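Numbers for residues simply follow the sequence, beginning at 1. Just follow the structure's listing: the first ligand is 1, and inside any ligand the first atom is 1. Because the structure is predicted, anything quoted here is derived from the model rather than measured.
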Amino acid sequence: MSRAADRLAMIFNHLDRSTVHVAASSTSTQVASYDHTPALRYTLDNDALSPDQRLSYEENGFILIKNLVSEEDIDKFRSAFERICKGEARFPGLVVMRDVAIAKSEFVLDQQAISKLQDFQEDPELFRYCCLPQILKHVQAFTGPNIMAMHTMLINKPPDAGKKTSRHPMHQDLHYFPFRPVDRIVCAWTAMERVDRRNGCLVVLPGTHRGSLKEHDYPEWEGGVNKMYHGIRDYNPDHPRMHLEMEKGDTVLFHPLLIHGSGMNQTQGFRKAISCHYANADCYYIDVKGTTQENIDKEVKEITTKKYGMDAVTFQDTWAFRGRLVQGERTSL
Ligand SMILES: CCCCCCCCCC(=O)SCCNC(=O)CCNC(=O)[C@H](O)C(C)(C)COP(=O)(O)OP(=O)(O)OC[C@H]1O[C@@H](n2cnc3c(N)ncnc32)[C@H](O)[C@@H]1OP(=O)(O)O
Ligand SMILES: Nc1ncnc2c1ncn2[C@@H]1O[C@H](COP(=O)(O)OP(=O)(O)OP(=O)(O)O)[C@@H](O)[C@H]1O
Ligand SMILES: O=C(O)CCC(=O)C(=O)O
Ligand SMILES: [Fe+2]
Ligand SMILES: [Mg+2]
C-alpha cells in the first residue's frame with residue numbers, strides 16, 4: 001500500500017472514533033497519532049479519486065490529471081469556437097469578450113481579437129465539454145452526485161499587445177460566486193494545447209484553499225485591466241508559486257478559494273483553454289451584502305442593467321439563469 005493509502009486509512013479510522021477506540025485503546029501512542037491527523041474536508045468519500053489524488057487535493061487545493069480529454073474532442077471544441085469567431089454561430093447568453101488593449105484601440109477589430117467566451121451553455125458542441133463522463137466522474141468527488149454546471153468559459157489568451165493586459169491577476173474564483181458551501185464547488189480547466197510559462201499558463205499558490213475569501217479589486221496596472229478581472233488586494237508575495245505547465249487535454253481540478261492567475265502571453269499564438277465551474281445542486285444562494293463580494297455584485301448588476309435593460313435582476317438570478325444540470329437532480333441552485 002502507498003504512503004497515501006496508509007494515511008487515508010488512518011484518517012477514516014480517526015473519523016469513526018468508536019471503532020478506533022476499541023482497536024487502538026491498548027497503545028496510547030497510536031491514539032495520539034490519530035489526533036494529529038486532519039480529517040478529510042475537501043473531498044467526498046465516494047471512490048471517484050485515488051487516495052493519492054484525495055490527499056493531494058486536501059493539501060494543495062488542486063489536482064492535475066494528464067490526458068483527460070481526447071485530442072479529437074478538443075479539435076471539435078476548437079472548431080465550435082472558430083464558428084463563433086467567424087460569426088457563423090450565435091447562442092443566447094454567450095458573452096464574447098475582447099482584450100481591453102484591443103477593445104480600446106482605434107484599429108478595426110478582426111475576429112481573432114476575441115480573448116474569452118463566457119456562458120456557452122446554449123452551444124451544444126461546447127457544452128459537451130461540461131458533460132464529458134470522465135470529467136464528471138472526477139467532479140463528483142467534490143460536488144457529490146447532483147451536479148450543476150454553473151459557469152463556462154473558453155479562454156483564448158491573446159498575444160500580449162505590449163501592455164501586459166493578457167495577464168490575469170491573482171484571484172479566488174469564489175469572489176464571483178454567491179453560493180455555498182464553498183467546498184462543494186470545483187473548477188475543471190483543460191488545456192486545449194500545450195500551455196507553459198511562455199504563453200501564460202496557470203500560476204497557483206498551493207494550499208491557499210485552506211484560507212478565507214480575500215478582498216478583491218482592480219489591480220493598479222499601468223496598461224489597463226480587463227473588465228471584471230479583479231485581483232486580490234493583498235496576498236503574500238512570498239508564498240511559494242507553482243506554474244502549471246500542461247499538455248493538450250491535461251485537466252486541472254481546483255478549489256474556488258485557491259489563489260491563482262495567469263501570466264502574460266509572450267508568444268504570437270492565442271493560448272486556448274476551456275473550463276467549467278461545477279457545484280452541488282443542493283448549494284444555496286447567499287446574500288453578499290456587507291461582505292467583500294459587494295463590489296462584484298454591484299458591477300454585475302450594472303452590466304445586466306446596461307446590456308439587457310433588466311434592473312430587477314439580482315447577482316444571484318444571473319447565476320440561476322446560466323446554471324445547467326449535468327447529472328442527477330436540479331434541487332436548489
Ligand atoms: C459574473 C462574473 C463572471 C464570473 C467569473 C467566474 C470566475 C472567473 C474569473 C473571470 O474570468 S473574471 C472576468 C469575467 N468577465 C466577464 O464576466 C465578462 C465581462 N465582459 C463583458 O461583459 C463584456 O465583454 C463587456 C461589457 C466588457 C463589453 O461588452 P460588449 O461586447 O458589448 O463590448 P462593446 O464593444 O460594446 O464595448 C462596450 C464598452 O466596454 C469596453 N470594453 C470592451 N471590452 C473590454 C474589456 N475587455 N475590458 C474593459 N472594457 C472593455 C469598450 O471599450 C466599451 O467602452 P466604452 O463604453 O467606454 O466605449
Ligand atoms: N506586477 C504584478 N502585479 C500583480 N500581479 C502580477 C504582477 N506580475 C505578474 N502578476 C501575476 O502573477 C501571475 C504570474 O505571472 P507571470 O507568470 O507572468 O509571472 P512572472 O513572475 O512574470 O513569471 P514569468 O517569468 O514566467 O513570466 C499572474 O497571475 C500575473 O497576473
Ligand atoms: O488564464 C486563464 O485561463 C485562467 C483565467 C481564470 O483563472 C479565470 O478566468 O477565472
Ligand atoms: Fe480563475
Ligand atoms: Mg511574466
- Option with minimal heavy-atom separation from atom 47 (N) of ligand 1, where the choices are Lys227, Met150, Arg98: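 Heavy atom nearest to atom 47 (N) of ligand 1 belongs to Arg98.
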- Task: Nearest heavy atom to atom 13 (C) of ligand 1 wins, so pick from Tyr229, Phe315, Tyr176.
- Result: Tyr229
- Quick one: look at Asn226 and ligand 1, take heavy-atom pairs under 4.0 Å, and tell me if it's side chain, backbone, both or neither. both
- With His151, which of Phe179, Tyr176, Trp319 fulfils ring pair (Phe, Tyr, Trp, His ring centres under 6.0 Å)?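 Single pass found, and it is Trp319.
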- Item | Under-4.0 Å heavy-atom contact with ligand 3, by part of Ser262 that carries it | side chain
- Query: Restricting to N, O or S atoms of Asp173, which is nearest to the Fe ion (ligand 4)?
  - Reply: OD1
- Query: Do Leu174 and Arg180 touch side chain to side chain, with heavy atoms closer than 4.5 Å?
  - Reply: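 SC-SC contact between Leu174 and Arg180 confirmed.
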Does ligand 1 have an atom that lies less than 4.0 angstrom from a heavy atom of [X]?
| X | value |
| --- | --- |
| Trp319 | yes |
| His230 | no |
| His175 | no |
| His260 | no |

- Message: Can you tell me if Tyr176 contacts ligand 3 (heavy atom of the residue under 4.0 Å from the ligand)?
- Response: no
- Item | Nitrogen or oxygen atoms of Lys157 and ligand 3 under 3.5 Å apart | no
- Give yes or no for whether the N/O distance cutoff of 3.5 Å, strictly under, is met between Arg271 and ligand 3. yes
- Task: Would you check if the distance from the ring center of His260 to the ring center of Phe62 is below 6.0 Å?
- Result: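 That pair fails the under 6.0 Å test.
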- Closest approach of Ala149 and Val326, non-hydrogen atoms and distance?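 Reported closest heavy-atom pair: CB-CG1, 3.9 Å.
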- Of the non-hydrogen atoms in Val186 and Phe254, which two are nearest, and what is the gap between them?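 Nearest pair, atom of Val186 first, then Phe254: CG2-O, 3.4 Å.
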- Taking only residues two or more places apart in sequence, or in another chain, which ones meet His138 in a ring-ring contact (aromatic ring centres under 6.0 Å, His included)? none
- Check whether any N, O or S atom of His260 sits under 2.8 Å from the Fe ion (ligand 4). yes
- Task: Look at His171 and state whether any of its N, O or S atoms is less than 2.8 Å from the Fe ion (ligand 4).
- Result: yes
- Given salt bridge (charged side-chain N to carboxylate O under 4.0 Å, His left out), test Glu193 with Lys248 step by step and report yes or no. CA-CA 4 Å; Glu193 62 195 314; Lys248 182 175 180 180; over 6 Å; no
- Message: Checking Thr318 now: which residues fulfil side-chain hydrogen bond (donor to acceptor under 3.5 Å, both in side chains) with it, not counting sequence neighbours?
- Response: Arg322
